[in-house]
Every structure is written in structure tokens, then in C-alpha cells.
Amino acid sequence: MQAFGFFRNKVPVGLHVNVRTNTGVNIQAVLDPNWSVNEVKEKIAPKLGFPASEVKIIFAGKELDDSFKLSDCDLGQQSILHAVKVVRVSSGNQATGIPLPTALAHSLPVMDSNQQGEQGRQIPHFYVYCSSCKKMCVGKLRVRCAHCKEGAIIVSRDPCSWEDVLTPLQIPGTCEVEGCGGDSVEFFFKCAEHVPSVDSLDALPLNLVKSNTRDVPCMACFDVQDLVLVFPCSSAHVTCLDCFRTYCQSLLQERQFTYDPVHGYSVPCPAKCDNSLIRDTHHFKLLSAELYARYQRFGAEEFVIASGGTFCPQPNCGMGLMPHPDCRRITCEHGCGFVFCRDCRQGYHIGECERTDGSECSSNTDDRQAYRVDPERAAAARWDEASAISIRVLTKPCPKCRTPTERDGGCMHMTCTWPQCGYHWCWVCQNEWTRDCMASHWFA
Amino acid sequence: MSNIAVQRIKREFKEVAKSEEGAKCEIRVELVNDSFTELRGEIAGPPDTPYEGGKYHLEIKVPETYPFNPPKVRFITKIWHPNISSVTGAICLDILKDQWAAAMTLRTVLLSIQALLSSAEPDDPQDAVVARQYKENYDVFLKTARFWCSCYAGAPKQASNGFEEKIKWLTDMGANEQVAIRTLSSSSWNIEKATEELFS
């Protein structure tokens, strides 16, 4: 490995980059952002051992044109440039030498391009969730060979949509690494806010987050914020990130997220448009850690329920279980080991389930009688039991899914609050809501 | 109350005041307390309906999670309408329940409720008695709704249908006036039926 120490003397504020060849040589260099690609070639060619005219520089899936200025390439500190010896004249089917991030400003229709009139364009911003910074960061789009995972690959065309970027193997390319022969590319994202290390993980693209270059007001607070989340509905409804968090929080508190077998546990746009579910659930990383943990738990639980599973009823356990559909006796495996009845969720028993109305006491065995308890004190200290009783007193179960439901005013027409059920039932009859209920006891 | 909710309500408040409907005094909204959690709405009864000339007051409760959840709205002014409870003033309107969307505002809510007064939907009734009368005895329904409008919503008195005499007959027997009106209305102003219901 060689260091280009002499560059540092000339360039006080330089770009520290890694230049990698297709033969595995790695060179660190400090470049001046004002240099053209041609100048870069002149400087590094001697160290590579072949003339500048035979070097091609590949960055983010493109061979860079000689006239291009480095500052137009979205090159960050510690970026990797690939220097490859020209072995064949590039054929016409390769995309032109505009660096990919800049080219994307034109080709991805909903991407913010921050265009500033005639004087050139700014490089578009991508937003990612960075697991190192533990927050949303500005991200960089990069390309690598789907086969050898090296960056020395040239794409055959620019991506035209997020589909192209997010779906692997969508776009063919030509890998320049010797002996690889890879012919398709994969796109990935890096965090642009921390200096990358070798073991940096890919950043998670938050493709719905955009710079609000069109000054669209948030549909919830009506403010125009710099960063917005654009929902994937046909109207492309917009909320600011604060309102997105509040929206998710208000739904999560009432467990009103939608479980979708394809997209997972997600939310539609606040205007409830069709097909507006957020498809990449990494966007919920925008929530606080506590809320995200709750999101994950609810999501996992909904998955268990949707797959025919159940949960261990023991306090502080709640392990998700996937018992055989015909079996009434369930053991909490990998959890607390409790054995219970699927129907009444009490300890397993032979014969019919007993109805529990909360009034019965657990039978005291003789050896417990030596331990005397003041019944008044005990009653005052029954926190859990008290809330269980008040739930039993205040609520009625949905006749279909048994979700305990409280009626806080309005009419007797109940709609099950669990989104995956949504059963219409009558508070009086505790059965399906009918026109008879409407006629005879809509109100009381 | 969350910041978003307060900010939204403040803006919507202005929106109602500046709107064309606000200028024509068709809709109005005012504060009840300083916290923006409770508002008082007012809508004018739409023309060519039995509610014409009346002013209807609404109780609007803004939830913490507004605008992601709908405001709770109910009529304070008594009204005879198939989709509104004649007892509690509860409104049966889809946008106040599952069809609510965050893009809706106080203005659109008030206008939707006003529109509901113009076109009842008796198949989805909050008050089954009124709905039955609406479908089976539309003429009596109209007269009753108009009578309630002049009684409770301040519309000018209409030509007497003999309703006052029937009410007086019941109140003379010791019935509360409001109860008498409701019972007579429910029994389509059949004095025998109403008497039976009240005193047996």
C-alpha cells in the first residue's frame, strides 16, 4: 500500500479517498475537489504503473469522463474510486459518464434534485437510517457487483425508478474485477455523516423521506418543513417527520396498525388512500427507540395471530406459540413451561372449561393455612387482580375475536377495535349488529 | 394537548372565520376554554329544508391525537333528524368515525354536518323512531322537524298545526314540556298514543 503524501502539501483541504485497482491493490490518496478526472488520472497513473491514457476511473457504477470535476461527483471522505486498466474500448451500450448520483436527479421522478436554475445542479440527497449513528442521516447511493461485491462495475443504464434501485439484479452491468465476470449490479446506501470504516454496515434507505423542494405543506400541521415523508398513495400525500411520528404513535397506542401479509405491520397514509401502506417498514426506525420496540412487539404478535398462533397467558411471559391447530393442550415451550388450555387459557384441565367470573377463590390447601393473611390488607394490595376485575366489569368481549371492548358513549353499534377483526356487533345482544338492534335498542 | 393538535386547531379556527361560508354566517366556531380541547360550533339550517332559519349549536371535542383521530361532535340544540339522536344529539356520520382523514378540517366537518341536514340517510339512522317516520310518514316528519326548529333553534314560528294545543294538553296533565314534545313527535302527534305512553 502506498500513500500519496506529496499531495497533502499542495492541498490543504483535500478529499481523502481510497483508490482500488481490479488487481486488488489499494492506494490511499488525497485529492483536490476542484480537479478534473483527467488530472486525477495523471496523478495516480505513475503509482499504478501504467500510462494515464490507459486508466479509467469508475465511481458509483460509472466510468467518469475526463472532463468531469470531482466536486460534481458526490464523492465523500473515504470514498472508494476504482482505477482500472483499459483492456478494450468501451462499447456504445454503456451509460454515459455522468456520475450516477447526479444522473439520478433527472431519472428518478420523485427524487428531490434541488435544482438551482441554470448554474448546474446540486447532487440529490438520499435519506437513510444509519445503525452506527442510530438516527436518520443523509445517505450516499453506491453500486457494487452483485457477484463479487466490488465497486469496479459499470452499469449498463441509469436506474429510472426506486424500483430499479431497491430491487436487486434489476440492472445489468459489467464487472471489471479480474476473473469475476459478474453481469448485474446491486445498489446500496452508505451513511454520509460518519467516516466509514471497513466493517460499516449498509445504511437502510428511507426512500419516502425527501427534501421538501416543492414547499408542500404537511397534511397534518399545514407547516412547510424542510424534510417530509411522501406516502406511496397516488396523491402522494405529505406529512412532516414530526407529524409522521405523532401519527404512528397515535395509531400504535391503540394498536391500529394494519397487518398486511406482504408488507408486514404498517400504516396507510393519514387520508386513508388505497394502496398507501408504507412498504418498507424501516421507515418506522424514525420513531423513538421505545416506540419502535413496541412496534416490533405488536408486529410480531400480529404475525403470530395471523399464522394461527397464540400467546402464553402467564403474567410476564406472553411467549408466542404455534401449537398444532387441533390440540387443546398447549405447552409454553422455550418460555415459562406453563401448560394451558387453548379455550379458557387457564391451566390445562380434562373435561369442559370452567367459567371464571372472578368471584371464586383459589382453593386453599391445608399447608397454606399456617400463613395467615389479613383479608383487607390483601384486598388493598391486589393491583393486578383489581385491573383484571375492572377490565372484566367495564368491557365486553368482541363476539368474534374476544378483544375486550369498552363502550365510552355513543350508540350500541360496536365495531371491533382490533383492525384485523373489525366485526360489527351489538353491545346489548353481544352478537352481530342487525337491523333489529337498530330498531329496538340503538340507544338503550 | 399535543402541539400539532393545538397548532392545527388554531389554523382551522382562522380558516372557518375567513371562509366564504363563515362570512355569510352559515358556519361559525368559537372557543369554550383556553386549551383548544373544546369548541362550540354553529351551523345555519340549510335553505329548502325544515331546518331553514334555525341556528344549531354543536359541541366539538378535540382529541389529543387530532388530526389523526376525528373530533367528537354532537348537537347541543335539539333537532328532529333521522341521523341525529333526538335525545343526546349524537351524530351518525361516517367522516366522524371510520371515514375520518387527517386532511379534513373543522370547516369541512361543519359543512358535512350541514349537508347531512339537507340530505338525510334514513337507512343508517341514529334515531330509529325518526327514521321510521321519515320513511313512512314524510309529511308528518317535515312538520315535526320544522316545529322542533322553531321550538329549539330559533326559527320563526310556522302556521300552527295544532301541535301547541296537544302539548298543552299533556303539560296540563303534569308532563314535562320537553318530554311531551318528544313523546308526541315519536307518536306522530297522535294524542291518544302519546298519553298512553306517558301515563301508563
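Owing to the predicted nature of the structure, the values given are computational and were not obtained by experimental measurement. A note on names: the letters A, B, ... follow the listed sequences, proteins ahead of strands, and every chain is numbered from 1.
When all heavy atoms of B:I4 and A:D242 are compared, the closest pair comes out as CD1-O, 4.1 Å. For A:F222 against B:R11, the heavy-atom pair with the smallest separation is O-NH1, 3.3 Å. Smallest separation of non-hydrogen atoms from B:A101 and A:A271: CB-CA, 3.6 Å. Nearest heavy-atom pair, A:M219 versus B:A103, reported as atom, atom and distance to 0.1 Å: CE-CB, 3.5 Å.
Summarising the local packing, CG of A:D226 is surrounded by 12 or fewer heavy atoms from other residues, nucleotides or ligands at distances under 6.0 Å. When the shell of 6.0 Å around NZ of A:K135 is examined, it contains more than 12 heavy atoms from other residues, nucleotides or ligands. Within a 6.0 Å sphere centred on CD of A:E290, heavy atoms belonging to other residues, nucleotides or ligands number 12 at most. Atom CG of A:D223 is surrounded by more than 12 heavy atoms from other residues, nucleotides or ligands within 6.0 Å. The number of heavy atoms from other shown groups lying within 6.0 Å of CZ (A:F303) does not exceed 12. Atom CD of B:E196 has 12 or fewer neighbouring heavy atoms from other residues, nucleotides or ligands inside a 6.0 Å radius.
Using a 4.5 Å cut-off between heavy atoms, B:R132 touches chain A through its side chain atoms alone. Looking at A:E254, the atoms closer than 4.5 Å to chain B (heavy atoms on both sides) all sit in the side chain, from C-beta outward.
Interatomic distance, CD of B:Q7 versus SG of A:C243, reported as 7.5 Å (0.5 Å rounding).
Among pairs with a residue in residues 169-182 of chain B, those fulfilling side-chain hydrogen bond (donor to acceptor under 3.5 Å, both in side chains) read B:K168-B:D172, at least two apart in sequence or across chains.
Proximity of a side-chain donor or acceptor of A:K272 to a complementary backbone N or O of B:Q99 within less than 3.5 Å is not detected.
Contact of the A:T415 side chain with the B:K97 side chain is not registered, since no non-hydrogen atoms from C-beta on lie closer than 4.5 Å. In this structure, A:L251 and B:F68 have side chains that are not in contact, with every pair of non-hydrogen atoms separated by 4.5 Å or more.
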